[in-house]
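Please read these numbers as outputs of a predicted model, since none were measured by experiment. We name chains A, B, ... by the order of the sequence lines, and we start the count at 1 in each one.
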Amino acid sequence: MAEEEEAPPHDPYSVLVRTIRTSIRDAISSAYDVDEPVEVPVDPEPPVEDVDVATPVALSLAKEVGEEPRKIAETILEESDLDEVVLVDEARVDGPGYINIRLNRPQYAALVLRSIFYYEEEYGSLDLGMGRPAILEHTSANPNGPLHIGHGRNAIIGDILARCMVFTNYDVEVQYYVNDMGKQIAMLAWKYIKEGRPEVPEDKKPDEFFGELYAEAAKEIEEDPELEEVVERFLRSYERYLLDEESRAERIAEAFQVVVEECLKGHIETLERLRVAHDRFVYESEFVEDAVEIVEKLVDMGAAEKRDDGAVILDLEDYGIDKELVLTRSDGTTLYTTRDIAYHLWKLKRAAFVIDVLGADHKLAVQQLKAVLDILDADPDRVDVIFYEFIHLPEGSMSTRKGRYVTLDEFLDEAKKRALEKMKEAGVAEDLDEEEREEIAENVAIGAVRFAIARVSPNKPIEFDWDEALDFRRGGPFIQYAYTRAKSILRQADEEVQRFDAAYLDDDHSFELVFKMSMFPRQVAQCVRKRRPDILAEYAYELARAFHTFYEEVPVLHAEDEEVRKARLKLVEAFTIVMENVMNLLGIPALERM
RNA sequence: GGGCCGGCAGCUCAGUCUGGACAGAGCGCGGGCCUUCGGAGCCCGUGGUCCCGGGUUCAAAUCCCGGCCGGCCCA
């Protein structure tokens, strides 16, 4: 009679670690007199042949206990019940006192595969968010030109994080904050009117068109500083218009709105191509009234001070910020930061967590923002900002103003071109028609671009280089190719394996793959907790590498034995499940053919 | 001048939070693997004062202090 089968663990690696920890901890407390529960670090990649996991715990205990580390390790092993743990095959002491553990590979492989097949597309998903609402804001580029690769970094970091948070049960709303009333927009609106409100040419993306217009405007204004005042007047008029104080400014308001909407249209088109989605677009101009109220409140509280010239300023020295914050200019208009405070108050009311993805140049502004939120008793700790460093071009940092940038569209186009060349060179997919080949190349391009940007940790500056960014050998295509190879095996096997014995997966390459797959839930959790998409990108790469090695070294369809063949087919199938989940989180298209 | 971030192989980067075994990958360079599942791949080799100087520790790329260089922000 079959027993009632228990659901397998969501996170087999954690089960393993917990078992080992408990066993060692118990051994320590029964052999030694230590007051606090001991931290037992577990190393999943010990540098020793035939060892799967290890712990240096005996080394760190040496001082407290006053014994040689090796001796401590031996005592721990004697006292512990590690040899009775099913997942452990052998535990021994090596080197200066490491406890090295070889796993019971058949047992562990069986556990891992059971989890993967049981949860399938949910494998890797731990309940970190418990359904709590979160607002994640990213991209939020000024609508005065096309998105360049710097914005791409923002969008991709934000998008991967959003996908990971949804996957780990956060109730996420992704927002794009449209900066529709900054000085840059005023410059563009001015130029737009000056040029007689030109239509966007048919053959041009609107953001590209207005980006060029903006660069021209910036140049003109630089050459004739008197125009600065004209632009300032535009800005004032628009803000008063929004507050119903100056209804005559309709023409100006309309110019603002046209340029913003057109540029935004272009942004969305690019983002869709890159598979980046937003749930909601929030406009800065919606917060003008709230901003005014907040300033009044801060003055009433006595926190902010109204100077003789009419400007309202806030002293933040108590927060370690020497620079005083201007909330209202002497002409009565509010500033970006003031409206940003209003926006954040609004977000905090609607969600348990607020996450922003911002360039490193916003660090001071965020410090100020958080200080003000604290003054307003609005819980700044619930606002978490992910900063990323800039992407530089060989000729300097990117600038919309100077018209010096590599757009995301160009980046994708170049990637696609190279993918097509590669396909031709490899003579791949020749039986498909032109359109299908284009589609594959486009998907390879998306994977290449997303991976190139995601793989670098956010706080590291990137020097952009075409050949390096589009190196298919260590990039998205490498990952996609692993998946494609696996799918190709499954297609040819053309059989549905039901029962199999994981004990046949104990050779080094198969087991390495099993072990890597078992790390997936943990990697997702790390990515969410540390807000570091690069962790997941790195993991995807390692998983792909483990598969490529397995593929080259271990025959599946031509396995020496029918039972071995079945087990390996299931391993390949499990790999496609895990890899598909990883790729979904990274937004890298999974392809049957490429 | 102040604040934040980075500096590791010729190049691009992991590892630093939570200190532990010879510091890991990829590119490059040298050599091998297409009579077996797709060579956008695999294997072997080459290559490092972990920016410098002190300190803490049995043990430092990792922690602390002081410098240097680069980026960003503020003045």
| note | Residues at least two apart in sequence or cross-chain that pass side-chain contact (heavy atoms from CB on, under 4.5 Å) with A/Asp318, listed by chain then number, are none
| Of all pairs that satisfy salt bridge (charged side-chain N to carboxylate O under 4.0 Å, His left out), the ones with a partner from residues 456-467 of chain A, not counting sequence neighbours | A/Arg418-A/Asp467
| B/S/- contact track for nucleotides 37-44 of chain B, protein heavy atom under 4.0 Å | BBSBBSS-
Listed pairs, N/O of protein and of nucleotides 17-19 of chain B, under 3.5 Å:
from  : atom 1 : to       : atom 2 : distance (Å)
B/C17 : N3     : A/Lys530 : NZ     : 3.2
B/C17 : N4     : A/Lys530 : NZ     : 2.9

| said: Tell me the interatomic distance from A/Asp43, atom CG, to B/A23, atom P, rounded to whole angstroms. | reply: 15 Å
| request: Return the set of residues passing side-chain contact (heavy atoms from CB on, under 4.5 Å) with A/Glu439 (not counting sequence neighbours), or none when no residue passes. | output: A/Asn443
Side-chain donor-acceptor pairs of residues 574-585 of chain A under 3.5 Å, sequence neighbours excluded:
from     : atom 1 : to       : atom 2 : distance (Å)
A/Thr576 : OG1    : A/Glu573 : O      : 2.6
A/Glu580 : OE1    : A/Tyr483 : OH     : 2.7
A/Asn581 : ND2    : A/Glu120 : O      : 3.0
A/Asn581 : ND2    : A/Tyr123 : O      : 3.0
A/Asn584 : ND2    : A/Glu580 : O      : 3.4

| Mind checking what makes salt bridge (charged side-chain N to carboxylate O under 4.0 Å, His left out) contact with A/Asp50, not counting sequence neighbours? | A/Arg92, A/Arg102
| task | Using the salt bridge (charged side-chain N to carboxylate O under 4.0 Å, His left out) rule, collect all pairs that involve residues 546-555 of chain A, keeping only residues at least two apart or in two chains. | result | A/Arg485-A/Glu552
| message | Quick test of your reading: applying salt bridge (charged side-chain N to carboxylate O under 4.0 Å, His left out), list the pairs with at least one residue in residues 358-368 of chain A, sequence neighbours left out, ordered by first then second residue. | response | none
Under-3.5 Å N/O pairs linking protein and nucleotides 56-65 of chain B:
from  : atom 1 : to      : atom 2 : distance (Å)
B/C58 : OP1    : A/Lys63 : NZ     : 3.2

| query | Taking only residues two or more places apart in sequence or in another chain, which ones pass side-chain contact (heavy atoms from CB on, under 4.5 Å) with A/Gln498? | reply | A/Glu496
Filtered N/O pairs between nucleotides 71-74 of chain B and protein, under 3.5 Å:
from  : atom 1 : to       : atom 2 : distance (Å)
B/G71 : O2'    : A/His392 : NE2    : 3.4

